[in-house]
Structure formats: structure tokens, C-alpha cells
There are 2 protein chains.
Amino acid sequence: MIVLPLQKGSNAERSKHRNRQAILGQLRTAGAMGRAEIARALSLTTQTVSNIIAELSQDGLLLEMGRVSAGRGLPAIQYALNPEGGYALGIEVRPDAIFAALLDMHGKAVATERIAVTQAQPDVVMTHVKALYARALDQVPNARHRTLGAGIVMPGPFGETGITGMGSDLPGWQEVDAETLFEEAIGLPVVLSNDANAAAMAERINGVAQDITSYAYLYFGAGLGLGLVHGGHLVRGAYGNAGEIGHIPVPGQSGNLEDALSRLSVQRHLQLAGKDAHNVDTLDQFFQQNDPDLMAWLTSASAALGHAMAIVENMFDPQTVILGGAMPDAILDHLVAHAPLPDLSVSNRPNAPHPRLMRGASGRMTATLGAAALILNRALSSPISHAH
Amino acid sequence: MIVLPLQKGSNAERSKHRNRQAILGQLRTAGAMGRAEIARALSLTTQTVSNIIAELSQDGLLLEMGRVSAGRGLPAIQYALNPEGGYALGIEVRPDAIFAALLDMHGKAVATERIAVTQAQPDVVMTHVKALYARALDQVPNARHRTLGAGIVMPGPFGETGITGMGSDLPGWQEVDAETLFEEAIGLPVVLSNDANAAAMAERINGVAQDITSYAYLYFGAGLGLGLVHGGHLVRGAYGNAGEIGHIPVPGQSGNLEDALSRLSVQRHLQLAGKDAHNVDTLDQFFQQNDPDLMAWLTSASAALGHAMAIVENMFDPQTVILGGAMPDAILDHLVAHAPLPDLSVSNRPNAPHPRLMRGASGRMTATLGAAALILNRALSSPISHAH
DNA sequence: ATTGATAATTCAAATGAATTGAGTTAGTCC
DNA sequence: GGACTAACTCAATTCATTTGAATTATCAAT
């Protein structure tokens, strides 16, 4: 997965493809618009936009919303993304279960499926994934020939690294080319990603980051993950393993960030007190009951979160940091409210337009939805970074 | 400096511009090539490359290197970048001095200038900068009408943040629009950056990162800075202050990373022992003499560097981390050799193609050269990220 | 109610740049 | 020496955007 310095040339066809994407992306972020308005936003002529809009309409990707008058002149015909114009499949592979979700172009989940598994070897997973996709399509007949691709979420890190074999990765997957395997199994273009990255994109497509282009997402999976988005695109690192924040040592304590701040951490902590909290709902109940052991954990977790904020903010200078993943919303809210935000941070600026830390909005299936969001994001934005 | 979600459309002209840049960039990274070979690398037709090469030659940007036969067929005429085809100005503004460097297209410094200053208010700086540019042009008459732009390096962070006013920023610059000021003063397009970012780009243009596209640069300025390069482009953060790693707390010690790992840190440490080390050469002498106080500092600095590595590697998963800045090479080498590289890191992979930590090659004027490198990088690569 | 200004849209023709296809040239391989 | 191969050139074509003129629908002022 090494990044090559390749810089492809451009031609008329590629330009057109880019402009199609740009128009779709513009309609997604800014809502319904007229053609002239789109043209101004993208520095194109109205004629060009008109031509492309005609094609997109033909392809069923747009909805005409009628004319809306705004001041003088001919009122513009408003166009909006047709949610049923395309779909994206999201697959999340965990050691004990496989999740699938089908998202429409608005990022709404129109079908969700899950299946419990006892084994997660590649061949077993492929069989299940095929079945889940078929079941999702049965619910949404429209989607059969309109699915743009599949995003797959699997526990990282990918490839052999210094944190391989620490329990979070799946057995039997080290040697295989997962991307090709999935591509052949479901017959769609595939994007592979870890849970934190996917969750980060879920917020961008259908959560609190819809108008935020540079942010970090702290994700409660088994451990603690981080998804980095810069200029609307994921920062994956040279080998796709950027954001392994859980393994960074914590000041003042022995151990790593995820020893204090993760699902495993809270489970372990409560287990020492003889309490079982393997379930998110159980955890929520403990919190509602003000369970003293949970509260003790929250105190140390808040401190660790404060430290994570110092690292993330000073390293990436994001617009905001979003907290989410496999935790009850109430606990996430508590952490957001109680984490000590570091004073010594570039993000500690007056009149910041966004809160420094906020809770994600995508709920429990975040990673699965995020997997699909990776596909939507690719369909709706070209890999061009912001102009300076 | 907030990143806007703008995604401009494309047309024939913009395509051509992009292809020109792509060809120049290809010649820079891969050296002299024939037209057909370039065409294959960029997915263009030979004819297109032929047309653009003709124009670039006309503009004096290329050198014909004669035919080189390689196997069967007509030997290709090799084209290479003409170093004298364009120049980039780099300016570094420090509280006590201003540096200027003029780089040719190969990234070679063809003129360097410096001037000591007692005041660094905007108006004073502008006067000096104009003079330095003029002096540089006197040395390289060719460059007068071929300077592509100016990169400016100033102490960050930019804008008001939680680490403003900690001694590293310049007085009188908080309220001004520095970019416009410089643009008007020297009549060139300007890119503004902090020292660590500039140093990172210097390594890419003319150092150890020429064939590395994703890396981090740990920079010894007054404090400790970090430049992040992903896919050949700087990751600046939402407000341009990404990489303020010096203010991250260190585990096991009170204080920040730059309390243990920076110029100020070593100066302070030696001052407590009654030794003055404000000068890089003095520092070098202490090192050559195995000065016990310096050695003690190096021990704690190495530990801090190890911790910085854990953060940078796990957060960013770079191909390598480069260490450089205002330190003697011998000390940098010592740190590279003695820093404890964390086992628990995504970068701790077998058969890694690059060392995890290496010393930068740009020498003492790193930041100034890097400022100019920002311009060259912009001229030689379009803001298109790597395809997946 | 009429008239003028404004803005969105469409149609047809022009333009810019890349591609295509048919030669030409200069080497290697047998 | 002849077949083969690959780079390169020329001219014609294609693709997609732009340009400019004409049309339409609404607002605002008289």
C-alpha cells in the first residue's frame, strides 16, 4: 500500500468525470441549487453545467425541485440529489459477527443486516458477505443495479507491524489480499479501511461533520482508534495504518492510552469489581445507576482523553475532534463534558467556530455505515485537495 | 486559513496546465526521460507529451540530452529539467536575522543572503526583504524574470492560539496579513509557512526524501516542530498549525516534549552548568569534547525523542521520520543512533524499506531552503493526491 | 397595467486540447 | 542484409468546454 508519486495526466474525458463528481458533491454539501449557481460555485460555465445536469438527470441521479424565485430574473430550476440514484454497501467484519448496511445517496441506511459468526476465516466471511448483500438487495430492489461499490471495515492494523497479534486482528487474514477477495466475492469495487477511518467518514456523510472538512475522530472499538480527515479526505498514512493512537504511552501513568480509554479497558475495570459489561446496554445501565466502579473508570478515562486531545490537537490542528464508537451515548456525552481540554494547544483559540470536542452522531453502527460512506465520499468528490 | 470544501471544475486549459506540471514533476522525480516513456508514466498519448515538451522547451524549461538507445526501436531523445529554467526565492524571518536563498529548478541554492536585524516589525522586515531579493538577483541575472514565487518562513503558530505569546512568535505580526504584505513588497506570489513545514519540503526537493512521499520531519527550531507530508503534500491542519508537537506532555516527566528536546532545552541545561551554547558551533565543540553536561542532556533528549517517535509513528504511519534543524549534524546523528525506537508502533515492521528515523540532509539553512522548496513543489506538482 | 431591468436557460458555432491513425526514422536481433 | 521494434511526426478527428446571441420568466418602478 505504498503511495507512489504517480501523477496522472488529464484529458477531456477525465475532466468531464471530474466535473460530474464536482456537481454531485456540490449538490450534496450545499443542497438543491440552480444550474447557474452551481456554475458560479465551481467556476464553470452555465452551459457546461447544463449539459452535465442533463446527463445526470438522464441517469436518474437528480431530482427536479421546480423553480424557486429569488429576487429578479428567471427563477432557477432547483436540482437535488436523488437519494435513490445510487447506493453504497457497507460491510463490517468482526471476530464474532458481520454487519452490512446499504446507504442511499443521502447517506440514509435503507437496509441493515447482521449475522453472528463463530469463525472469521476469509472463505467463511466471503460466503456470509454474499448472503448479506443478497438479503439487503431483496429489501431494496432498486439498488440491484445501482450499487456503486462496497466499503469494508476490518480490524486493523493492516500488514505486519509492531502491534500485530495483540488480539485485535483477525486470524487467517495476514497473508491474503482482502481487497481482491471481496471484489471477486461481491462483484463490486471495494474500499478497505479500519473502523476508525470508516467512522470518521460516516460523520462526514451523515453526521456532525457535514460542513467540517478537517477533523479527527476518536473511535471506541476494541481498542482506541483515530480517523484523520484533512480537506475532506482521509489521511491514511504510508501503509494505511495512521491513527493507531491507542498504543501511545500516557504521561504520568504506566501503559498506553487505550489501557485507560477503550471498551476493553472499561470491561476489565468492571470485571475486577465482579461486574460484567461486555454489552453496551449493560454499560449504559451501570452509568444510569451511577455505578461507583464505572465512575472511577470515567475519571481516569477523562484524564486520558484530555491527554489524547493534547496530542491530536497539536499534531493536526483540526477544526474539531469527534468522539464516538461502541459506547453508550450517555457515556460519550459524559466524557465530552468532563475531559480536561488542554490549555497548551493550538486549538485553544478564542472565538473558535466549533467546539473542540463533540460527540459523533452516527450511533452504534457507525463503522458499518462509515464503510459505505467511504464509497459515497469517493463518488461525490474527486481526489483533489483544496486550492491554496 | 480555514479549508473550504471548494472543488473547482475542470476545462481544457486547466487540463493542459495540469499536464505541464505533471510532466515537469515526472522529470524531476525520475530524471531524464523520452517522450513516449513520460506518456506511459502519466497515461497520456505520446502526441500530447510531444506537444507539451515542445512548449516547455520553447520556454527554456528543458534540456535535450540526446538520444539514448535502450533495446530495440528508435532511441528516445532524453529530456531533463533545465536547472536555469526557473528559480524560487526562500525567505526566513527570525527575531534577530533575515535569511534569503534563491534556488534553481534542481533545488540548488544559487545565491544566499543574510542580514542581522535588531527589530522585526513588519515594515522593517519588508525593507530588508526587498534588499535581500535584489542582492540575490544581482548574483544571478538569469533569475530576474524567471522567479516563480517566494516562500516565507516565520515562527508559528499563526493566528491566536493557546500557545501564542510563548516567546517564539514575532511581535507586531499578530494583526497583519503577512501574505499580502510580502506579495506587495516583492511582487511575487507568496506561500507562507512555519519552519518545520518548510524544512520538511526542503528534504523532498533536495534531501533525503526525494523518493519518499509520506514522512514526518522533526525540526529543531527554537522549540520542537513537526512537518507532516502525506502523498507529497503538506498536511497543514485546518488553521495551518498542524505539527506543534513540542507542546505535547511527556510521559514519566513533568513538562512538554520541547522541554527535553529543543535548542532552548539544551541551552538552558548547559547554562545551569555555567556553559554558553547559544551557537551551533559551540554546541558541536561540546559534543566533540564529550562534555558531560551535554551528554546528560542527550540522554534525556534521546528518551524524549523515543516518545516523540511513538506519537508520530502511531498517529501518522509515515514511511520514515527525518530529524533536522538548528543542531550540529553530529548531535543529530547521535540522537538518531540512540533514540529508543518504540516496539509498540505500526512502523515497527519487518523488512521496512526505509529506516524509521534518519537525519535530514539540508544543513543549517534548512528552513530558508525549504521556504523556496514550497514554491518549487507547487510548480512541479498539482494538488492532486495519489490514486487509490 | 405597462415597461425596463435582471437573471436563468437554451441553441448553435467556435475553441482548446487530447486522441487517433498513418507514415517516417533509427536503432536491435537474427 | 532483412525483419522487427519502438520513438516520433503530421494531419485529421473527437471530446468537452466556452462563447455569443436569442428566449423566457420574474421583479421593480412608473
Side-chain angles (χ1 to χ4, degrees), chain A residues 7-24 26-27 30-59 62 64-80 382 384, chain B residues 7-24 26-27 30-59 62 64-80 382 384:
Chain A
Q7 179 172 219
K8 285 268 187 76
S10 181
N11 62 17
E13 248 174 291
R14 294 194 266 248
S15 280
K16 176 153 200 178
H17 184 243
R18 213 195 118 150
N19 288 344
R20 277 179 63 117
Q21 283 194 147
I23 289 177
L24 289 172
Q26 180 68 24
L27 290 179
M33 299 174 78
R35 289 173 254 200
E37 198 182 352
I38 296 172
R40 281 190 300 267
L42 303 179
S43 303
L44 291 170
T45 56
T46 36
Q47 188 53 50
T48 301
V49 174
S50 232
N51 295 338
I52 295 177
I53 290 271
E55 281 186 32
L56 293 174
S57 281
Q58 190 66 37
D59 295 349
L62 298 182
E64 276 196 30
M65 311 296 281
R67 292 186 189 273
V68 172
S69 100
R72 294 186 167 189
L74 204 174
I77 301 171
Q78 304 293 111
Y79 289 90
S382 40
I384 304 245
Chain B
Q7 179 171 220
K8 286 270 189 73
S10 180
N11 60 18
E13 253 172 286
R14 294 194 265 246
S15 279
K16 176 153 199 177
H17 184 242
R18 211 194 119 151
N19 288 344
R20 278 179 63 118
Q21 282 195 149
I23 289 176
L24 289 173
Q26 180 67 23
L27 290 179
M33 301 174 78
R35 287 174 256 199
E37 198 181 352
I38 296 172
R40 281 190 299 270
L42 303 179
S43 303
L44 291 170
T45 56
T46 32
Q47 189 53 51
T48 302
V49 174
S50 232
N51 293 338
I52 295 178
I53 290 273
E55 281 184 33
L56 293 173
S57 281
Q58 190 66 37
D59 294 349
L62 299 182
E64 275 196 32
M65 311 296 281
R67 292 188 189 272
V68 172
S69 106
R72 298 184 165 186
L74 204 176
I77 301 171
Q78 304 293 113
Y79 289 89
S382 39
I384 305 244

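As a basis for the values below, the full set of heavy atoms in this structure was taken, side chains included, without hydrogen atoms, waters or symmetry mates. All chains are named by letter (A, B, ...) in the order of the sequence lines, taking the proteins before the strands, and each is independently numbered beginning at 1.
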Across the strands shown, which category fits Arg20(B) at heavy-atom distances under 4.0 angstrom: base, sugar-phosphate, nothing? nothing
Quick tally for nucleotides 10-18 of chain D: nucleotides whose base has a protein heavy atom under 4.0 Å get B, sugar-phosphate-only ones S, the rest -, giving B-----SBB
Residues in residues 69-78 of chain A with a heavy atom under 4.0 Å of DNA chain C, by number, are Arg72(A), Gly73(A), Leu74(A), Ala76(A), Ile77(A)
Does [X] have any side-chain hydrogen bond (donor to acceptor under 3.5 Å, both in side chains) partners at least two apart in sequence or in another chain, and if so, which?
X: Thr45(B); value: Thr48(B)
X: Ser50(B); value: Arg35(B)
X: Gln47(A); value: Asn51(A)

Here the distance between atom C1' of dC8(D) and atom CD1 of Ile53(B), to the nearest Å, is 12 Å
note: Arg67(A), atom CZ; dC27(D), atom P; distance rounded to Å ~ 12 Å
Q. Is there a side chain to side chain contact (heavy atoms under 4.5 Å, CB included) between Asn19(B) and Leu42(B) once you walk through the steps?
A. CA-CA 9 Å; Asn19(B) 288 344; Leu42(B) 303 179; over 6 Å; no
Practice item. Determine, for Glu13(A) against Arg18(A), whether the closest basic-nitrogen to carboxylate-oxygen distance falls under 4.0 angstrom. Key: no
Contacted region of DNA chain C by chain A, from 5' end to 3' end of the hits, cut-off under 4.0 Å to heavy atoms, spans dA5(C) to dT19(C)
Nearest heavy-atom approach of Leu62(B) to Tyr79(B) is CD1-CD2, 4.3 Å
- If we only count heavy atoms from C-beta on, is the Ile53(B) to Ile38(B) side-chain gap below 4.5 Å? yes
